[in-house]
Structure formats: structure tokens, C-alpha cells
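Nothing fancy with the numbering, it's 1 onward along the sequence.
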Amino acid sequence: MDHALAAELHRRAEQDQAARCRLLETGDGQDLVRIDADNTHWLKEVVLRRGWPGIALVGERGADEAWLLAQHADRDPDFQRQILRRLQDAVAVGDAPPRHLAYLTDRVLVAAGEPQVYGTQYTQDADGGNLRPYAVTDQAGLDARRAAFGLEPAAEYDRLMRVSYPGRAS
């Protein structure tokens with residue numbers, strides 16, 4: 001395991017989450033664009049030099065944090081699509097949790113204006129209210145797809161989202 005790389009992932013993930021908390025608490029997202037851009041640039045370099053930082057390279061926590069940075073690389077959809085392919089390979093060999101693949105798949109699809117597959121991505125109205133999932137393909141099969149990737153049922157996830165983001169539920 002590369003402990004230095006895992007530590008840097010941890011530092012960057014903490015910075016990422018602190019900036020997102022500030023945005024939720026105060027509406028101040030000033031640092032968010034800079035942090036995401038810096039993390040995306042850094043993660044691109046890591047992937048280029050070392051490949052996807054999966055469990056074997058950085059441990060479970062580090063793999064979670066690498067996924068988080070990729071998930072928040074929204075300003076570089078080409079990179080997210082590249083990571084999606086790498087995550088597919090990593091999941092296939094047990095080097096990344098399937099849930100990472102589900103979340104990033106949905107993120108990439110939503111960014112492309114397509115319906116999501118696993119129902120992980122939410123949006124809210126411009127006024128900050130009415131939290132709801134983006135459109136989902138094959139709603140009837142949603143819970144089966146979620147279960148296959150280790151995710152809770154959609155209704156439970158929806159409840160958790162509404163608890164996590166109070167005042168934004170419809």
C-alpha cells in the first residue's frame with residue numbers, strides 16, 4: 001500500500017468535504033471551484049502515473065476518497081468518463097466497490113443529459129427547494145439494479161437524502 005498517496009487522498013477529501021459543508025451551511029462556495037479543479041488536475045496525474053488508486057494501492061478509505069474526487073470532477077466530463085472505464089475494470093477485479101461505479105455512472109449520465117441507472121443523483125429547484133432525483137431509466141427495475149451494486153432500496157436512499165438536506169425536500 002502507498003501510505004503517502006493514501007494520506008494525500010485523505011487530505012484532499014477532507015478539504016473537498018469542508019468546502020461542501022461551507023456551501024451548505026453558509027452558501028459560500030467560493031473555494032469549491034478552485035478545490036475541485038486542483039483535485040481533478042492532481043488525480044489526473046495520479047491516474048496517469050499509477051493507474052486508478054484502488055483498494056490494493058491506497059486501501060479502502062483511500063479508494064473511497066479517490067472516487068469522491070472523481071465524482072466531484074464535474075467540470076471535466078471527459079475525465080469522469082475515463083475514470084468510469086477504469087472503475088469498471090477495478091470493480092471487476094475487486095479493487096473498487098460496485099457502489100462507486102453506480103454513483104459515477106449516474107453522475108456521467110446526468111451530466112450528458114441522459115436518465116440515470118441507479119438513482120443516486122439528486123437535484124433541487126433554483127430557489128433551493130424541491131429536492132428530487134434526476135430521471136431514472138426503467139424505474140420498475142431500479143431497486144434490483146441498486147441491490148446488485150450494494151445500494152439500499154431507492155425509497156430508503158430518498159429518505160436519507162431528505163434527512164441529509166433538510167428544507168430542500170418537496
Inset, instruction - Starting from the C-alpha separation in whole Å, work towards a yes-or-no answer on side chain to side chain contact (heavy atoms under 4.5 Å, CB included) for D76 and D78. - result: CA-CA 5 Å; D76 195 338; D78 290 337; 3.9 Å; yes

Legend entry - From CA spacing to verdict: side chain to side chain contact (heavy atoms under 4.5 Å, CB included), R132, T123: CA-CA 6 Å; R132 65 186 182 286; T123 187; 4.0 Å; yes

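Counting all heavy atoms, side chain and backbone alike, V58 lies closest to A63 at CG2-N, 3.4 Å. R86 approaches G51 most closely through the heavy-atom pair NH1-CA, 3.7 Å. The minimum heavy-atom distance linking L9 with A66 is given by the pair CD2-CA, 3.7 Å. Closest of all the heavy-atom pairs between E65 and A6 is OE1-O, 4.1 Å.
The closest donor-acceptor contact from the side chain of Q116 to the backbone of T120 lies under 3.5 Å. Between the N130 side chain and the Q124 main chain, no donor and acceptor come within less than 3.5 Å of each other.
By the criterion of side-chain heavy atoms lying less than 4.5 angstrom apart, applied directly or through intervening Ile, Leu, Val, Met, Phe, Trp or Tyr residues, L43 is grouped together with W67 in one hydrophobic cluster. One hydrophobic cluster, built from ILVMFWY side chains closer than 4.5 Å, cannot hold both Y134 and L151; they sit in different ones. No continuous path of hydrophobic side-chain contacts links F149 to V110 [ILVMFWY only; heavy atoms under 4.5 Å]. The hydrophobic cluster containing V46 does not contain I35, counting ILVMFWY residues as joined when their side-chain heavy atoms lie under 4.5 angstrom apart, directly or transitively.
Ring centroids of Y122 and Y157 are separated by less than 6.0 Å, placing the two rings close together.
Remark: D89 engages no residue in a salt bridge (charged side-chain N to carboxylate O under 4.0 Å, His left out) (not counting sequence neighbours). Residues satisfying the salt bridge (charged side-chain N to carboxylate O under 4.0 Å, His left out) criterion with D143, sequence neighbours excluded, are absent altogether. Shown here are the salt bridge (charged side-chain N to carboxylate O under 4.0 Å, His left out) partners of E14, two or more places apart in sequence or in another chain: there are none.
For the pair D2/R50, a side-chain contact is recorded, criterion being any heavy-atom separation below 4.5 Å from C-beta on. Using a 4.5 Å heavy-atom cutoff, the side chains of L32 and R34 are not in contact. Proximity of P153 to R146: side-chain heavy atoms (C-beta onward) are nowhere separated by under 4.5 Å. For the pair P77 and V108, the minimum side-chain heavy-atom distance is 4.5 Å or more. For the pair V117/V136, no side-chain contact is recorded, criterion being any heavy-atom separation below 4.5 Å from C-beta on. Contact annotation: the side chain of I83 never approaches that of Q71 to less than 4.5 Å [non-hydrogen atoms, C-beta and beyond]. Proximity of R159 to R162: side-chain heavy atoms (C-beta onward) are nowhere separated by under 4.5 Å. By the 4.5 Å heavy-atom criterion applied to side chains, L160 and D158 are not counted as neighbours.
Taking CD from Q17 and CZ from R12, the interatomic distance works out to 14.5 Å, rounded to the nearest 0.5 Å. With rounding to the nearest 0.5 Å, the separation of CG in L69 from CZ in F79 is 9.0 Å. Taken to the nearest 0.5 Å, the CG atom of L109 stands 5.5 Å off from the CD atom of E114.
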Only pairs under 3.5 Å count here: list side-chain donor-acceptor contacts from residues 20-28, not counting sequence neighbours, and write none if there are none.
| residue | atom | partner | partner atom | Å |
| --- | --- | --- | --- | --- |
| R20 | NE | H72 | ND1 | 3.3 |
| R20 | NE | H72 | NE2 | 3.4 |
| R20 | NH1 | D16 | OD2 | 3.0 |
| R20 | NH1 | D36 | OD1 | 3.2 |
| R20 | NH2 | D36 | OD1 | 3.3 |
| R20 | NH2 | D36 | OD2 | 2.9 |
| R22 | NH2 | D31 | OD2 | 3.3 |
| T26 | OG1 | R22 | O | 2.7 |
| T26 | OG1 | D28 | N | 3.2 |
| D28 | OD1 | Q30 | N | 3.0 |

Indicate every side-chain donor-acceptor pair of residues 92-105 with a distance under 3.5 Å to a residue at least two apart or in another chain.
| residue | atom | partner | partner atom | Å |
| --- | --- | --- | --- | --- |
| D95 | OD1 | I55 | N | 3.0 |
| D95 | OD1 | A56 | N | 2.7 |
| R99 | NH2 | D64 | OD1 | 3.1 |
| H100 | NE2 | D64 | OD1 | 2.7 |
| T105 | OG1 | L101 | O | 2.6 |

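Applying the ring-ring contact (aromatic ring centres under 6.0 Å, His included) definition to pairs two or more places apart or across chains, none involves residues 16-53.
Between the side chains of R107 and Q121, at least one donor N or O sits under 3.5 Å from an acceptor N or O.
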